[in-house]
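Values below: all heavy atoms of this structure, side chains included; hydrogens, waters and symmetry mates excluded. One-based numbering, in listed order, for ligands and for the atoms of each. Nothing here was measured: the structure is a model prediction, and the numbers come from that model.
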Amino acid sequence: MIGDDNARMEFILMLRQRGISDQAVLRAMEEVPRERFVSEPAAKQAYADRAQPIACGQTISQPYVVAYMTEVLKVEPHHRVLEVGTGSGYQAAVLSRIASRVVSIERYRTLADTARARLKSLGYDNVEVLLGDGMRGEPIRGPYDRIVVTAAAETMPEALVEQLAEGGIMVLPLGPHHDAQHIVRITKTADGLKHEKLIAVRFVPLLPGQAREL
Ligand code: SAH
């Protein structure tokens, strides 16, 4: 059965077994109905621990990676969070259950429109989905306490570093497209940036500009 209590319980157990321990993250992962974010034929597999295709040749990230990135981002209830790469809206939904505000940017209009409607229908009204180039961030709504990028950057997106508040944290997959990438955590301190290289991952590429196709 899709989204039944058993599937959700096993899902949370799997995340715990893989090392996710932050209670707020586990609660958010339990609350957000993942089956609403995958395409209809994939709904039965929504709670499997793997990435799945969505429209525009993109993917909804693997649940473990969503939970892991949210945990290492250390989101607190008063935070304003920027996400780059809305995709299905799933990561934004998880963040919205922990932070006070989430701004999420997507370069495909189809994905942005679908995610916006989906998040609204779920009543997640502290998320704002914007269409545009997330590599440039959204300075007007910043600075952000936390920034998460959910597409792989080949080089550090400097505009995002600038929009990070002092004491802020950014988590992003960094590395060559279609090759080995790592989750990197940047902490902005008064003395400069602290870099930490975390787990190995595979993400779709972070690309410049708004998509020309829908
Ligand atoms: N966070 C998403 C995963 C999306 S996959 C989820 O939970 O479903 C990465 C997304 O980043 C894709 O939708 C892709 O179109 C988008 N993307 C890539 N480069 C971008 C950019 N420069 N600005 C905004 N979105 C971008």
K.L.:
With a 4.5 Å limit on heavy-atom distance, are the side chains of F203 and V65 in contact?
P.N.:
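A side-chain contact exists here, since the closest heavy-atom pair is under 4.5 Å.
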K.L.:
Can Y90 be reached from I12 by stepping across I, L, V, M, F, W or Y side chains whose heavy atoms are under 4.5 Å apart?
P.N.:
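Same cluster.
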K.L.:
Please list all pairs passing the salt bridge (Lys or Arg N to Asp or Glu O under 4.0 Å) test where one or both residues lie in residues 82-96, with sequence neighbours left out.
P.N.:
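Sorted result for residues 82-96: empty, none.
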K.L.:
Indicate yes or no for a side-chain donor-acceptor contact from R141 to the backbone of L82 under 3.5 Å, with no hydrogens or angles considered.
P.N.:
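Pair absent, no side-chain N/O of R141 close to backbone of L82.
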K.L.:
Is the closest side-chain heavy-atom distance between V201 and H182 below 4.5 Å?
P.N.:
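No, too far: nothing below the 4.5 Å cut-off.
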K.L.:
Spell out, yes or no, whether V149 and V102 are grouped together once hydrophobic residues are joined by side-chain heavy atoms under 4.5 Å, including indirect joins.
P.N.:
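Shared cluster, no.
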K.L.:
Enumerate the pairs of nitrogen or oxygen atoms, one from ligand 1 and one from the protein, separated by less than 3.5 angstrom; state names and distance to 0.1 Å.
P.N.:
| from | atom 1 | to | atom 2 | distance (Å) |
| --- | --- | --- | --- | --- |
| ligand 1 | 1 (N) | E83 | OE2 | 2.9 |
| ligand 1 | 1 (N) | G85 | O | 2.9 |
| ligand 1 | 1 (N) | T150 | OG1 | 3.0 |
| ligand 1 | 7 (O) | Q91 | N | 3.0 |
| ligand 1 | 8 (O) | S88 | N | 3.0 |
| ligand 1 | 8 (O) | S88 | OG | 2.6 |
| ligand 1 | 13 (O) | E106 | OE1 | 2.7 |
| ligand 1 | 13 (O) | E106 | OE2 | 3.4 |
| ligand 1 | 15 (O) | E106 | OE2 | 2.7 |
| ligand 1 | 19 (N) | L207 | N | 3.0 |
| ligand 1 | 22 (N) | D133 | OD1 | 2.9 |
| ligand 1 | 22 (N) | L207 | O | 2.6 |
| ligand 1 | 23 (N) | G134 | N | 2.7 |
| ligand 1 | 25 (N) | R107 | N | 3.3 |

